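Let me begin by presenting the structure, written as structure tokens, before commenting on it.
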Amino acid sequence: MLACKRSVTGTMTAALRLLRSNQVVVVSGQQQRCLSTNTDGEVRIAKVLKEKFPSASSLKVVDISGGCGAMYEIHIESSEFRGKRTVQQHQLVNQALKDEIQEMHGLRIFTDVPKH
């Protein structure tokens, strides 16, 4: 009984910690954020990318470090990537964010070209 109580308490504590940390969670096979607020870092990075890629048809920046700004995931779709290999597309994003990257621990980049 005591072991079961500790397990439940530990699970509740972990769930509360997750809610407070603003992390991405998987629910029914889909990723969802616990609290969908834009962090200052997300807003700053999105602004830089919007300026660098004005024809971007889709842009999503997510702080995947729990809100501390150490790691981000970027999804960007822009016609400016047309005719470029994936590595070249990622180099363009890295170049646009060269100042911001210095403060990061990691960065996931997903690029695409609009279908139409």
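These numbers come from a predicted model, not from an experiment.
Within a 6.0 Å radius of CZ in R85, no more than 12 heavy atoms belonging to other residues, nucleotides or ligands are found. The environment of D99 atom CG is dense: over 12 non-hydrogen atoms of other residues, nucleotides or ligands sit within 6.0 angstrom. Shown here is E103, whose CD atom has no more than 12 heavy atoms of other residues, nucleotides or ligands within 6.0 Å.
Annotation: side-chain hydrogen bond (donor to acceptor under 3.5 Å, both in side chains) contacts of T86 (sequence neighbours excluded): none. Here K84 pairs with Q88, Q89, L92 under the side chain to side chain contact (heavy atoms under 4.5 Å, CB included) rule; sequence neighbours left out. Annotation: side chain to side chain contact (heavy atoms under 4.5 Å, CB included) contacts of K60 (sequence neighbours excluded): V62, H75. The side-chain hydrogen bond (donor to acceptor under 3.5 Å, both in side chains) check on K98 picks up nothing, with sequence neighbours excluded. Residues forming a side chain to side chain contact (heavy atoms under 4.5 Å, CB included) with S55 (at least two apart in sequence, or on another chain): S78, S79, E80. In this structure, the side chain to side chain contact (heavy atoms under 4.5 Å, CB included) partners of E100, at least two apart in sequence or on a different chain, are R44, I45, V48, L97, M104. Listed by chain and residue number, nothing satisfies the side-chain hydrogen bond (donor to acceptor under 3.5 Å, both in side chains) test with Q91 (two or more places apart in sequence, or in another chain). Listed by chain and number, the residues in a side-chain hydrogen bond (donor to acceptor under 3.5 Å, both in side chains) with D112 are K115 (sequence neighbours excluded).
For residues 79-108, the ring-ring contact (aromatic ring centres under 6.0 Å, His included) pairs, not counting sequence neighbours, are F53-F81.
Side-chain contact check for L59 versus K50: some heavy-atom pair is nearer than 4.5 Å.
Taking OG from S65 and CE from M71, the interatomic distance works out to 8.5 Å, rounded to the nearest 0.5 Å. N94 contributes atom CG, which lies 4.0 Å from atom CD1 of I109 (distance to the nearest 0.5 angstrom). Rounding to the nearest 0.5 Å places OG1 of T111 at 8.5 Å from CD1 of I76.
Closest approach of D63 to G69, counting heavy atoms only: OD2-N, 3.0 Å.
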Run R108 and Y72 through side-chain contact (heavy atoms from CB on, under 4.5 Å) and show every step you take.
CA-CA 6 Å; R108 292 182 192 163; Y72 291 90; over 6 Å; no
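In the hydrophobic cluster analysis, where Ile, Leu, Val, Met, Phe, Trp and Tyr join through side-chain heavy atoms closer than 4.5 angstrom, I64 is grouped apart from V43.
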